[in-house]
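Everything on this sheet refers to the single structure shown next.
Start at 1 and go down the list; that is how both ligands and their atoms are numbered.
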Amino acid sequence: MKYLGGAAALAIAGGVGYGAYNFYAPKEELPIISEIPKETPKGGEMMKPFGELIYTPDSAEGEALGKVESHSPKIEAPDSVGAEKTFEVRITVGPHPNTVEHSIRQIDVFIAEDGRAFNPIFLTTVKLTPVYSEPDIKLNLKLKENSTLYAIEYCNLHGLWESRKKIEVT
Ligand SMILES: [Fe+2]
């Protein structure tokens, strides 16, 4: 008798558990990424793909044109390097203010390797503390294939700025 009672209790617990699972399941289908609307429901500003939010020297326009020189990362790297031979890359930004209110806060570095199915490859992120850290970094890299090096910096007032450099592997 006690055993049967235990079995009944387990069956009820199982039912409650299943019910709880259903309770938390989404009631509506989630939108498929490719079907996200290009405008807000109220017809507001276009929802841009994230890549379109990154300024580049060749795409900046309007007010951003005056920020190109002070915000685009400057990449110093060889035009060609030996396969898997270490070489140095220096990335600087500026002249640019370096105050608590306005400074370069972060530099991200990626490469896109020629012939690779999916790019880019993340290399590093350098976070910068205003006043104390200058946006002037050096990396030692090795490449296997011809690649494009991307440096993307973030200014807390003027957004994301990208520069790129092609590096040939011989
Ligand atoms: Fe800025």
Side-chain angles (χ1 to χ4, degrees), residues 30-82 84-170:
L30 292 173
I32 298 169
I33 294 294
S34 61
E35 293 176 358
I36 288 178
K38 295 277 191 286
E39 294 182 5
T40 63
K42 294 178 181 172
E45 195 171 331
M46 294 284 282
M47 288 170 53
K48 294 179 181 176
F50 191 77
E52 291 182 21
L53 299 178
I54 302 174
Y55 298 102
T56 66
D58 44 335
S59 71
E61 52 188 23
E63 196 177 340
L65 274 174
K67 307 291 181 193
V68 169
E69 184 59 28
S70 56
H71 288 79
S72 300
K74 296 169 182 66
I75 301 171
E76 295 174 32
D79 294 328
S80 67
V81 296
E84 302 196 49
K85 301 280 188 197
T86 303
F87 61 96
E88 188 175 276
V89 174
R90 182 183 181 199
I91 299 167
T92 59
V93 183
H96 183 278
N98 190 2
T99 64
V100 172
E101 294 77 21
H102 181 199
S103 71
I104 307 303
R105 299 288 165 94
Q106 182 167 315
I107 298 172
D108 296 302
V109 186
F110 297 85
I111 56 165
E113 219 174 50
D114 285 6
R116 186 180 164 94
F118 290 92
N119 276 306
I121 300 167
F122 168 77
L123 297 183
T124 193
T125 291
V126 177
K127 293 184 180 291
L128 301 162
T129 299
V131 180
Y132 293 94
S133 303
E134 290 294 333
D136 184 339
I137 65 172
K138 287 180 182 169
L139 317 173
N140 290 316
L141 302 180
K142 287 188 281 188
L143 298 178
K144 296 178 184 174
E145 305 288 343
N146 292 348
S147 299
T148 304
L149 180 74
Y150 292 86
I152 301 169
E153 68 87 357
Y154 176 68
C155 163
N156 69 312
L157 293 187
H158 301 112
L160 291 162
W161 291 76
E162 172 207 302
S163 292
R164 52 192 180 270
K165 179 178 172 62
K166 190 85 188 173
I167 301 177
E168 185 185 6
V169 174
T170 56

Which value, rounded to 10°, describes the NE2(H96)-the Fe ion (ligand 1)-NE2(H71) angle?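 Roughly 90°, rounded to 10°.
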
Vertex the Fe ion (ligand 1), arms to C155 SG and H102 NE2, rounded to 10°: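 Reported to 10°, the angle equals 90°.
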
For a side-chain contact (heavy atoms from CB on, under 4.5 Å) with V109, tell me which candidate from L149, T125, I121 qualifies.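 Single side-chain contact (heavy atoms from CB on, under 4.5 Å) partner of V109 among L149, T125, I121: L149.
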
Give me the one residue out of E113, R116, K166 that meets side-chain contact (heavy atoms from CB on, under 4.5 Å) with S147.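 Exactly one candidate clears the test, E113.
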
Name, closest N/O/S atom of H158 to the Fe ion (ligand 1):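 Atom name of the closest N, O or S in H158: ND1.
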
Quick test of your reading of the model: are R164 and E162 salt-bridged, counting only N-O distances below 4.0 Å?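 Counted as a salt bridge, because a side-chain N and a carboxylate O are separated by less than 4.0 Å.
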
Does a side-chain heavy-atom distance below 4.5 Å link F50 with L160?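 F50 reaches L160 side chain to side chain.
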
